[in-house]
Amino acid sequence: MDLNKFIKEGKFLMLALDHRGSIKKLINPDNPDSVSDDQVIQLKSDIILSLADQFSGLLIDEVWGLEACKDVCDVKPFLLPVEKSGYIQDGEERLTELEYSVEQIMGMGASGAKMLLYFNPNVSSAGKQLETARIVLEDCRSNNFPLFLEIVTYGEVGGGDLILESVKKFLEVGIIPDVWKLEYPGSREECNKITKLVGEVPWILLTGGQTFEEFKPELEEAIAGGARGFLAGRALWQEVCRLSGEEKLKFLQKTLPERFKNISEVATKS
C-alpha cells in the first residue's frame, strides 16, 4: 500500500472539502435549503482550483465534490467518505452509519477511504463504533486500500485526555488505520504522547470549525509533537462561503493560497 501519493515534501498537505449538508448552512445559515447544488459545486470548484498547485491530496464528497474536482482529480489523489453524513443520535450518544463499500468508492476513482467516527470511550456506544471501524478496516485491507480514520471526540470530559484514551481504545482491539486524522489534543506534550502511542503509523491534524488564526498555532505544536501534516478544511476557507464579487475573488486568489502556503511551511519545516 502506497501512501506516498498523498505526501508532498515529506508531509501530508491535504485539503478537506467533503462537507455535505453543513456547507449549505455556511453559505446561507438562515435558509440552507435555498442553496442549489450548482452553487455548492461551483464554490467547491473555486476552492479546489485556488489551491490545486499546493495540496498533496484532498478529501471530497461524492455528491458535489467529484463534480467540482473533475479538472483536478485526474492528477491529484483524493479520499472519499464511506460513512453517511452526520450521525444517528441515540440519547446523548452518536452512532456512525456506513453508506459505501470500499469497492464502491474505488469505482468512483478514490485513492483512499476516509471514515469519521464520533467517539467517547466512556459511553456504551463505543463498542458499536469500534465494530463499525473494524468492518471498514477489514474492507480496506482486503482491497489493499488506504484508510484515513478520523476520530472526533464528544462528551463532558474533553481535551487531550479524551483524544488519547480514544486512540488507545482502537489500538487495544487491533484497529490500526493507515493514517490517523485527529483533533488537536491541547498541548505539545499531548501531541508527543499521541506520536509515541501510534508509533510508525502517521497522524495528521484536522481543523474542525475554528478560525485560521486558531488553527495555525495548533498545527505548529502538533508538528513539533510529531504530527505528519494536516487535512485542513473550514479553518482555511469558511469565510468565502459568505463573500461575493471582488471580495470573493480576492479571497480565492490571495488569502486562501497564502493561508495554505503558510501552514504548508509550518508542516514541512521539521
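- Counting heavy atoms of neighbouring residues, nucleotides and ligands inside a 6.0 Å radius, atom CD of Glu99 exceeds 12 of them.
- Side chains of Ser187 and Glu221: a donor-acceptor N/O pair is absent below 3.5 angstrom, by distance only.
- Remark: Arg141 does not engage Glu138 in a salt bridge, criterion side-chain N to carboxylate O under 4.0 Å.
- Closest non-hydrogen pair, Arg134 versus Val173, comes out as NH2-O, 3.0 Å.
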Test side chain to side chain donor-acceptor pair (under 3.5 Å) on Tyr100 and Glu62; report intermediate values, then the result.
CA-CA 10 Å; Tyr100 296 108; Glu62 80 292 354; 3.1 Å; yes
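- With sequence neighbours excluded, the residues that form a salt bridge (Lys or Arg N to Asp or Glu O under 4.0 Å) with Glu97 are Lys84.
- The pair Lys169-Glu165 does not meet the salt-bridge criterion, since no charged nitrogen lies less than 4.0 angstrom from a carboxylate oxygen.
- Residues Gln54 and Ser264 bring no donor and acceptor atom of their side chains to less than 3.5 Å of each other.
- Around NZ of Lys25, the count of heavy atoms belonging to other residues, nucleotides or ligands within 6.0 Å does not exceed 12.
- Nearest heavy atoms, Cys241 versus Leu43: SG-CD2, 3.8 Å.
- Leu95 belongs to a hydrophobic cluster whose other members, connected by ILVMFWY side-chain contacts under 4.5 Å either directly or through intermediates, are Ile88.
- Residues Phe170 and Phe119 place their aromatic rings such that the two centres sit under 6.0 Å apart.
- Annotation: salt bridge (Lys or Arg N to Asp or Glu O under 4.0 Å) contacts of Glu239 (sequence neighbours excluded): Arg259.
- Checked for salt-bridge contact, Lys216 and Glu213 miss the test: no charged N lies under 4.0 Å from a carboxylate O.
- The shortest side-chain heavy-atom distance between Phe230 and Ile263 falls under the 4.5 Å cut-off.
- Between Phe148 and Phe6, the distance from one ring center to the other falls under 6.0 angstrom.
- Residues forming a disulfide (SG to SG under 2.5 Å) with Cys191 (at least two apart in sequence, or on another chain): none.
- Side-chain contact between Lys114 and Val82: absent, with no pair of heavy atoms (C-beta onward) separated by less than 4.5 Å.
- Nearest heavy atom pair, residue Gly174 against residue Leu137, reads O-CD2, 4.1 Å.
- For the pair Lys76 and Phe55, the cation-pi criterion (under 6.0 Å, within 45° of the ring axis) is fulfilled.
- Partners of Thr132 by side chain to side chain donor-acceptor pair (under 3.5 Å), not counting sequence neighbours: none found.
- Side-chain atoms of Gln129 and Thr96 form a donor-acceptor pair, as typed in the model, at a separation below 3.5 Å.
- Among residues two or more places apart in sequence or in another chain, the side chain to side chain donor-acceptor pair (under 3.5 Å) test is passed with Arg20 by none.
- Counting heavy atoms from C-beta on, the side chains of Asn192 and Arg188 come closer than 4.5 Å.
- Remark: Glu131 CD is packed, more than 12 non-hydrogen atoms of other residues, nucleotides or ligands lying under 6.0 Å away.
- Evaluated for a side chain to side chain donor-acceptor pair (under 3.5 Å) with Trp64, the options Asp37, Asp18, Asp38 yield exactly one hit, Asp37.
- Shown here is Lys248, whose NZ atom has more than 12 heavy atoms of other residues, nucleotides or ligands within 6.0 Å.
- Side-chain contact between Phe212 and Asn262 is present, with at least one heavy-atom pair separated by less than 4.5 Å.
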